[in-house]
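Data first, discussion second: the structure below is written as structure tokens.
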Amino acid sequence: MEVLGRLLGLLALLLVGTGLRFSGVLDAGRTQRLNALAYYVALPALVFVSTYDRAVGELLTADLFVGVLAVVFTTAGIAWLVHRRQDRRGRQSVAIIQSYHSNLGYLGLPLVAATFDARVTAIASVVLGVASLTQVPLTIVVLSAINEADGSVARELGRLARNPVLVTLVGGLTVGSLGLSVPGPVTAGLDVLGALALPIALLCVGASLQIDRPTVDIGASGAVVATKIAVMPVLAWAAFSLLGVDAATFTAAIVMLGTPTAVSTYVFANELGGDEEFASLNVFLTTLVSVGTLFVLIRAVG
């Protein structure tokens with residue numbers, strides 16, 4: 001019941017963020033500042049305190065790397081098979097990318113940190129890094145190819161290289177691998193900031209959700225929800241079971257890859273010729289449904 005209560009609390013925060021946007025309290029400017037606080041401060045703090053005392057070899061294994069890539073690309077292939085007959089390119093491209101592109105930073109990692117121990121959180125930080133470096137370029141390629149848009153993978157990789165969460169991940173793993181010491185007051189302060197990551201990120205996600213769209217393609221949206229929320233975690237479960245990883249790696253991977261569609265897919269769709277209304281609806285639906293599925297996953301791996 002504790003896990004269910006926590007997930008219902010997450011849903012409540014999401015809805016509060018949405019309500020604050022509709023009421024005008026979280027307007028575009030305030031949402032942007034709140035997002036900056038999560039992106040540049042709270043999430044990097046959470047990643048650093050999770051990894052600074054652990055060597056990279058302890059967290060990043062060949063099995064973890066292979067497993068994450070296998071799940072992402074297999075899910076993308078299944079999504080292409082499911083949506084290949086969609087006659088609207090903008091909708092087809094969005095349906096494919098939203099079936100595998102997970103909300104790892106703003107929901108996955110903070111949720112793992114709030115639910116599991118420090119080792120699982122540290123491995124989840126590495127899953128975030130590996131999956132982000134995979135799913136972002138893949139999303140650019142899919143949208144650009146299907147919509148014949150001008151998307152630069154090199155430019156997006158440059159943005160990833162400057163991503164404060166990934167930069168902090170590299171920094172934390174470097175400190176841990178070299179055995180460097182970090183003053184106690186610094187880690188204590190970062191712990192406090194990291195604890196703010198989940199509530200701030202959820203308010204940001206809630207404020208970004210767009211649910212006031214008049215048209216709904218039940219078949220296409222249902223297929224996206226089913227693939228992202230059901231098929232992808234099942235594939236993750238099978239892949240990491242076959243790889244025989246330890247319990248902490250298994251837990252981190254399953255929960256992270258079982259998260260809903262990332263809000264950033266709406267941004268990518270808007271920039272690269274995708275159907276942004278369809279993208280916005282799917283972000284909302286996968287996030288809503290994931291409250292139930294994440295409860296099942298967390299209970300199963302726990």
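Starting from 1, each residue takes its place in the sequence as its number. Since the structure is predicted, the reported quantities are computational estimates derived from the model, not experimental observations. All values below come from the heavy atoms of this structure, side chains included, with hydrogens, waters and symmetry mates left out.
Thr31 places a side-chain N or O within 3.5 Å of a backbone atom of Leu26 that can act as its donor or acceptor partner.
Tested against Ile298 for a side chain to side chain contact (heavy atoms under 4.5 Å, CB included), the candidates Val112, Val255, Thr251 yield a single pass: Val255. With Leu109 as the partner, the side chain to side chain contact (heavy atoms under 4.5 Å, CB included) test is satisfied by one option alone out of Asn103, Thr121, Thr259: Thr121. Partner of Ile123 under the side chain to side chain contact (heavy atoms under 4.5 Å, CB included) criterion, chosen from Val245, Leu64, Leu60: Leu64.
Both Phe73 and Val71 are assigned to one and the same hydrophobic cluster, defined by single-linkage of ILVMFWY side chains at heavy-atom distances under 4.5 Å. By the rule that hydrophobic residues join a cluster once side-chain heavy atoms approach within less than 4.5 Å of another member, Val49 and Leu178 end up as members of one cluster.
Atom CZ of Arg84 has more than 12 neighbouring heavy atoms from other residues, nucleotides or ligands inside a 6.0 Å radius. Heavy-atom neighbours of Arg89 CZ from other residues, nucleotides or ligands within 6.0 Å: at or below the threshold of 12.
A heavy-atom distance below 4.5 Å is found between the side chains of Ile200 and Leu34.
Distance check, rounded to the nearest 0.5 Å: CZ of Phe116 to CG of Leu111 gives 7.5 Å.
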Show your working on side-chain hydrogen bond (donor to acceptor under 3.5 Å, both in side chains) between Asn282 and Thr261 and close with a plain yes or no.
CA-CA 7 Å; Asn282 292 337; Thr261 300; over 6 Å; no
Taking it one step at a time, do Thr227 and Tyr100 satisfy side-chain hydrogen bond (donor to acceptor under 3.5 Å, both in side chains)?
CA-CA 8 Å; Thr227 306; Tyr100 65 80; over 6 Å; no
